[in-house]
Amino acid sequence: MALFEVAHRVGSARTGVLRLAHGEVHTPAFVPLASNASVRGLDAPEVAGLGYEMVLGNTFHLFITPGHGRIAALGGLHSFMGWDRPIITDSGGFQVFSMGHGSVAEEVKRRRGNSQSRILAIEEEGVSFRAYTDGSERFMGPETSMEVQAALGSDIALAFDECTPFHVDRDYTRRSMDRTHRWLHRCVAWQSEHGRDDQVLYGIVQGGVDQALRAESVAAIAGSGVDGIAIGGTLGENKEQMRQVLGWSTAGLPEQPPRHLLGIGDVDDIVHAVGIGIDTFDCATPTRLARHGTALVPDPERRWRMDLTKAEWRDDPRPLYEGAASAHSRAYLHYLARGRELTGARILTLHNLDFMARLMAGIRAAIRAGEWDAYAERVLAGQAP
RNA sequence: UCCGGGGUAGCUCAACGGCAGAGCAUUCGACUGUUAAUCGAAGGGUUGUGGGUUCGAAUCCCACCCCCGGAG
């Protein structure tokens with residue numbers, strides 16, 4: 001049976017199903033982050049209860065602690081975290097980037113120098129770095145990443161890549177991309193020699209913000225024999241550039257391999273990306289913003305965000321918005337957020353993930369019904385989900 | 001009433017003769033393949049009151065007012 005089946009399409013937007021070892025994932029889908037084998041604040045049954053069919057674990061974090069050997073001995077990542085649905089594991093490539101540059105926003109805005117970099121060396125063989133837990137020197141290369149992901153037993157493994165920074169020249173971007181492609185071939189080779197039958201492999205498109213390099217990377221990934229295609233790298237310094245880069249990164253892609261967009265999660269960005277044929281997304285913001293006191297709301301004027309720590313909500317008895325799953329008042333959520341109550345973080349995490357789940361369900365239904373364009377318009381106008 | 005300790009930012013406290021600070025709180029900003037229940041910035045002061053010594057006082061001296069503890 002095919003890994004991915006497109007059921008309906010409207011223009012480039014498509015809805016379908018991914019068939020993985022631990023079950024189906026209906027697309028387009030949002031994939032909550034469970035980097036450290038937990039969706040922060042929730043347990044697996046709660047995440048499943050929100051309707052999610054897949055979560056994203058992180059090779060790098062689980063390699064550092066508690067160690068893939070321990071997880072394997074305990075029956076694998078699914079068993080370890082009590083999640084019996086599909087899991088995609090990120091390869092650790094992005095952590096190399098963030099250890100050197102901080103977050104994507106910090107690097108693009110040059111907010112943080114890399115003077116505190118924990119990267120020791122990025123070489124052909126792989127990356128040497130210091131573990132954040134104990135400062136010990138560690139190494140990860142394509143084979144290490146694949147070994148760890150095989151031990152974890154995720155349904156989808158991602159090839160080890162370098163997330164090319166924004167502030168580098170074209171020459172570095174090319175060398176970085178070429179190295180990522182060589183690493184991909186090593187991942188594919190490892191997979192065919194040692195890989196498990198119940199795990200598929202996605203390659204990651206790089207190429208920075210350069211049209212020719214992106215096109216070259218797309219061709220290299222698509223021609224490598226991987227099961228799916230992920231789009232990575234920093235995508236530019238604003239949404240306009242991100243859309244341009246995304247266009248270059250999807251142009252000429254064959255329909256069949258499923259496409260994952262790494263790290264993108266703003267509502268308008270997801271709507272745009274679905275429109276050009278992306279199938280799955282992962283992003284830290286729904287859960288992170290929740291822990292920082294921000295709720296996702298259908299309000300384009302506020303970038304779909306309501307920062308409940310703001311004084312303006314202190315005495316507001318209204319719910320987050322008409323039709324929100326949670327009936328708690330803004331005043332209560334403000335109070336919880338200001339007090340940094342665990343309860344507040346949990347309520348908002350549940351809310352934000354519910355919001356994203358509804359958005360994706362709405363998107364799937366709209367494409368199925370042939371009403372994608374109208375639905376996209378309604379979402380962008382703040383009338384849905 | 002006496003003895004001792006103390007009154008400095010909204011709160012808890014530093015500074016003990018030389019530019020009055022911190023933490024928390026407050027307000028604002030940030031967060032897009034999570035080292036993040038995080039990070040950043042700003043506002044906020046007649047140092048209890050009055051006098052004195054000194055080039056210079058939150059700091060030393062005197063008086064008074066409040067608070068805490070002990071004794072009676």
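Letters A, B, ... are given to chains in the order of the sequence lines, protein chains preceding strands, and every chain is numbered from 1. The analysis underlying the following values was restricted to heavy atoms, covering all of them including side chains, and did not include hydrogens, waters or symmetry mates.
A:Q95 has a side-chain polar atom (N or O) that falls below the 4.0 Å cut-off from OP1 or OP2 of B:U34. Contact annotation: A:N58 reaches the phosphate of B:U34 (side-chain N/O to OP1 or OP2, under 4.0 Å). For B:C31, the OP1/OP2 oxygens have a side-chain nitrogen or oxygen of A:R305 closer than 4.0 Å. When the side-chain nitrogen and oxygen atoms of A:S35 are compared with OP1 and OP2 of B:U34, one or more of them lie within a distance under 4.0 Å. The side chain of A:R288 contributes no N or O atom lying less than 4.0 Å from OP1 or OP2 of B:A37.
Computed from coordinates, the A:L289 CG to B:A37 P distance equals 12 Å when rounded to whole Å. When rounded to the nearest whole Å, the span between CD of A:E106 and C1' of B:A41 equals 15 Å.
Using atom P as the reference point in both B:G7 and B:C60, the two lie 10 Å apart (nearest Å). When the P atom is compared between B:C13 and B:G17, the two are found 22 Å apart, to the nearest whole Å. Nucleotides B:G56 and B:G52 are separated by 12 Å at their P atoms, to the nearest Å. If you take atom P in B:G4 and the same atom in B:A57, they sit 27 Å apart, rounded to whole Å. Annotation: B:A14 and B:U8 have their P atoms spaced 11 Å apart (nearest Å). With both ends at atom P, the span from B:A9 to B:A15 equals 15 Å, rounded to whole Å. Nucleotides B:C66 and B:U49 place their P atoms 15 Å apart, quoted to the nearest Å.
One finds no salt bridge joining A:E53 and A:R364 here, because no Lys/Arg side-chain nitrogen approaches an Asp/Glu carboxylate oxygen to under 4.0 Å.
Distance from the side chain of A:H292 is smallest for B:C31 among the nucleotides B:G33, B:U35, B:C31. Here the side chain of A:S103 is nearest to one of B:G33, B:U32, B:U26, namely B:U32. The side chain of A:R340 sits closest to B:U38 out of B:U38, B:U26, B:G33. Between B:G33, B:U34, B:C31, one nucleotide has an atom nearer to the side chain of A:V104 than all others, and that is B:G33. Distance from the side chain of A:Y132 is smallest to B:U35 among B:U35, B:U32, B:G33. Looking at the side chain of A:H61, the nearest of the listed nucleotides B:C31, B:U32, B:U34 is B:U34. Taking the side chain of A:K310 as heavy atoms from C-beta on, and the options B:G33, B:G29, B:C31, the nearest nucleotide is B:G29. For A:R303, the side-chain atoms get nearest to B:C31 when compared with the rest of B:G33, B:C31, B:U32.
When heavy atoms are screened at a 4.0 angstrom cut-off, A:I64 is found touching no nucleic acid atom at all. Among the heavy atoms of the strands lying under 4.0 Å from A:D90 is at least one base atom, whether or not backbone atoms are also near. Within the nucleic acid shown, A:E312 has no heavy atom closer than 4.0 Å to any nucleic acid atom.
For A:R291 against B:U34, a side-chain-to-base donor-acceptor contact under 3.5 Å is present. Contact of A:D307 with B:G29 (side chain to base): no donor-acceptor pair of N or O atoms is detected under 3.5 Å. At a cut-off of 3.5 angstrom, the base of B:U35 holds no donor-acceptor pair with the side chain of A:T133.
Within the 4.5 Å cutoff, the side chain of A:S145 has no heavy atoms near those of the A:F63 side chain. The side-chain heavy atoms of A:T15 and A:W372, taken from C-beta on, include no pair separated by under 4.5 Å.
In this structure, A:R186 fails the cation-pi test against A:W190, since its NZ or CZ atom is not both closer than 6.0 Å to the six-membered ring centre and inside 45 degrees of the ring normal.
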